Amino acid sequence: AIHWGVAMWDAISKFAESFPDQILALTAIATVLISVASLAVAVIAMASQRRHDRIAVRQQANIVFGDYLNDGFVGREKVGLGPLVVEDVRFENKNRQSDSQLVTHMPVLPSGIAWNTFTADMTDYVMAPEASIYVLRLTGDSEDAAFLKTRGDVRNALSEIRVTVRYKDLFDHKFTTAKTLDWFSR
């Protein structure tokens, strides 16, 4: 096996000595081809990285809600790496009445029961990465009759609401997401 390797090396050396100009030309051509291939790989990698960077900072504003025995809420959750700018939030009831505040569509709360959280107009509100915010939240004692009636009234009102959020990302791309809250009617 070693003898074969030595013989092969000798044959290559004799060929290189016999045709030095051709070997130099082949080396130059191979170098150019490798350079062009490397450049193509670099351009493709750069385009792929740019696409990834844009997707990574693309924003998504999820409308979230919860309905528990002692806690009910509607909120927004932001997914994505960069900031999200809320341009407009609209809450529309079954009568097509629209407002920027969800609380205006809710029943009047009885004495002794209050909203834990309600958010005013959120136009031009900036949400940080992985942030969430309650738009409306009501908590209370699940054994209190007044709270149970209020919770039922709030559930009925929420079940008739459609939420629409218009927002933009840091590249000024505009998005809209909408969701009905009919889940509260169950």
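No experiment lies behind these values; they were computed from the predicted model shown. Along the sequence shown, residues carry numbers from 1.
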Chemist: Answer yes or no: is there a side-chain heavy-atom contact under 4.5 Å between S132 and V64?
Modeler: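 SC-SC contact between S132 and V64 ruled out.
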Chemist: Do L102 and V74 come within less than 4.5 Å of each other through their side chains, counting heavy atoms only?
Modeler: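 Touching, per the 4.5 Å side-chain cut-off.
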Chemist: One pair to check against side chain to side chain contact (heavy atoms under 4.5 Å, CB included): V86 and R76. What are the steps and the verdict?
Modeler: CA-CA 11 Å; V86 176; R76 285 200 336 244; 3.0 Å; yes
Chemist: Name each donor-acceptor pair under 3.5 Å that joins a side chain in residues 108-118 to protein atoms two or more places apart or in another chain, with its distance.
Modeler:
unit_1	atom_1	unit_2	atom_2	d
N116	OD1	T139	N	2.7
N116	OD1	T139	OG1	2.8
N116	ND2	T139	OG1	2.6

Chemist: Kindly state each residue pair satisfying ring-ring contact (aromatic ring centres under 6.0 Å, His included) with at least one member in residues 131-161, sequence neighbours excluded.
Modeler: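 Applying ring-ring contact (aromatic ring centres under 6.0 Å, His included) to every pair that reaches into residues 131-161, excluding sequence neighbours, yields F73-Y134.
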Chemist: Applying the 4.5 Å side-chain criterion to the ILVMFWY set and letting contacts propagate, would Y125 and L84 be lumped into a single cluster?
Modeler: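 Yes, one cluster joins them.
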Chemist: When rounded to the nearest 0.5 angstrom, what distance separates CE in M8 from OG in S13?
Modeler: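 Reported to 0.5 Å precision, the distance equals 11.5 Å.
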Chemist: Could you state the interatomic distance from OG1 (T177) to CG (N62), rounded to the nearest 0.5 Å?
Modeler: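 Nearest 0.5 Å value for the OG1-CG distance: 7.0 Å.
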Chemist: Going by the rule side chain to side chain contact (heavy atoms under 4.5 Å, CB included), which residues pair with Q97 if we only count those two or more places apart in sequence or in a different chain?
Modeler: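 If we apply the side chain to side chain contact (heavy atoms under 4.5 Å, CB included) test to Q97, skipping adjacent residues, the hits are N93, N95, H105.
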Chemist: Can you give me every donor-acceptor pair (side chain of residues 22-43, partner residue at least two apart or in another chain, under 3.5 Å) with its distance?
Modeler:
unit_1	atom_1	unit_2	atom_2	d
T27	OG1	I23	O	2.8
T31	OG1	T27	O	2.7
S35	OG	T31	O	2.9
S38	OG	I34	O	2.9

Chemist: Tell me the ring-ring contact (aromatic ring centres under 6.0 Å, His included) pairs involving residues 10-47, sequence neighbours left out?
Modeler: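 Checked against ring-ring contact (aromatic ring centres under 6.0 Å, His included) - neighbours excluded - the pairs reaching residues 10-47 are F15-F19.
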Chemist: Report yes if some heavy atom in the side chain of L181 is under 4.5 Å from a heavy atom in the side chain of V163; otherwise report no.
Modeler: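 Yes, their side chains come closer than 4.5 Å.
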Chemist: Under the salt bridge (charged side-chain N to carboxylate O under 4.0 Å, His left out) rule, collect the residues that match up with K14, sequence neighbours excluded.
Modeler: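 K14: no salt bridge (charged side-chain N to carboxylate O under 4.0 Å, His left out) contacts found.
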Chemist: Is there a side-chain contact between M122 and I133 in this structure, where contact means two heavy atoms from C-beta onward sitting under 4.5 Å apart?
Modeler: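 In contact.
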Chemist: In the structure I gave you, are the side-chain heavy atoms of V135 and V103 within less than 4.5 Å of one another anywhere?
Modeler: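 Counting from C-beta outward, V135 and V103 never come under 4.5 Å.
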Chemist: List in chain and number order the residues that pass salt bridge (charged side-chain N to carboxylate O under 4.0 Å, His left out) with R151, two or more places apart in sequence or in another chain; answer none if no residue qualifies.
Modeler: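 Once residues adjacent in sequence are excluded, R151 has no partner under the salt bridge (charged side-chain N to carboxylate O under 4.0 Å, His left out) criterion.
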Chemist: Find the distance between CG (L158) and CG (D182) and round it off to the nearest 0.5 Å.
Modeler: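 CG of D182 is found 11.5 Å from CG of L158.
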Chemist: Report yes if some heavy atom in the side chain of Q101 is under 4.5 Å from a heavy atom in the side chain of T119; otherwise report no.
Modeler: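 Side chain of Q101 against side chain of T119, heavy atoms only: no contact under 4.5 Å found.
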Chemist: Between R137 and D71, does a side chain to side chain contact (heavy atoms under 4.5 Å, CB included) hold up when you go through it step by step?
Modeler: CA-CA 7 Å; R137 186 172 191 184; D71 187 9; 2.6 Å; yes
Chemist: Could you work out, with side-chain hydrogen bond (donor to acceptor under 3.5 Å, both in side chains) as the rule, every residue matching R162, not counting sequence neighbours?
Modeler: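 Partners of R162 under the side-chain hydrogen bond (donor to acceptor under 3.5 Å, both in side chains) test: none.
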Chemist: Identify whether the distance between the nearest side-chain nitrogen and carboxylate oxygen of R90 and D99 falls below 4.0 Å.
Modeler: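 Salt bridge: no.
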Chemist: To the nearest 0.5 Å, tell me how far K174 NZ sits from Y167 OH.
Modeler: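 K174 NZ to Y167 OH: 12.5 Å, rounded to 0.5 Å.
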Chemist: Which residues pass the side-chain hydrogen bond (donor to acceptor under 3.5 Å, both in side chains) test with K149, not counting sequence neighbours?
Modeler: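 If we apply the side-chain hydrogen bond (donor to acceptor under 3.5 Å, both in side chains) test to K149, skipping adjacent residues, the hits are D153.
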Chemist: A side-chain contact here means heavy atoms from C-beta on lying under 4.5 Å apart; do V165 and I63 qualify?
Modeler: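 A side-chain contact exists here, since the closest heavy-atom pair is under 4.5 Å.
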Chemist: Can you sort out the partners of D144 under side-chain hydrogen bond (donor to acceptor under 3.5 Å, both in side chains), two or more places apart, ordered by chain and number?
Modeler: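 For D144, no residue satisfies side-chain hydrogen bond (donor to acceptor under 3.5 Å, both in side chains) once neighbours in sequence are set aside.
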Chemist: Got a sec, which residues hit salt bridge (charged side-chain N to carboxylate O under 4.0 Å, His left out) with D172, two or more places apart in sequence or on another chain?
Modeler: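 In terms of salt bridge (charged side-chain N to carboxylate O under 4.0 Å, His left out), with neighbours along the sequence ignored, D172 is linked to K168.
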Chemist: Please walk me through it: do L138 and T150 pass side chain to side chain contact (heavy atoms under 4.5 Å, CB included)?
Modeler: CA-CA 9 Å; L138 178 68; T150 302; 4.1 Å; yes
Chemist: List the atom of V126, the atom of P83, and the distance in Å for their closest heavy-atom pair.
Modeler: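 What the structure gives for the nearest pair is CG1-CB, 4.0 Å.
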Chemist: Is the shortest heavy-atom distance from the side chain of T176 to the side chain of T164 under 4.5 Å?
Modeler: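 The answer is yes, as the side chains (C-beta and beyond) meet within the 4.5 Å cut-off.
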Chemist: Under the rule for side chain to side chain contact (heavy atoms under 4.5 Å, CB included), what residues qualify as partners of Q49, not counting sequence neighbours?
Modeler: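 By the side chain to side chain contact (heavy atoms under 4.5 Å, CB included) rule, Q49 matches H52, D53.
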Chemist: Can you tell me how far the CG atom of D88 sits from the OG atom of S100, to the nearest 0.5 Å?
Modeler: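 Going from CG on D88 over to OG on S100, the span is 7.5 Å.
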Chemist: Rounded at 0.5 Å granularity, tell me how far CD in E87 sits from CG in D124.
Modeler: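 Between atom CD of E87 and atom CG of D124 there are 7.5 Å.
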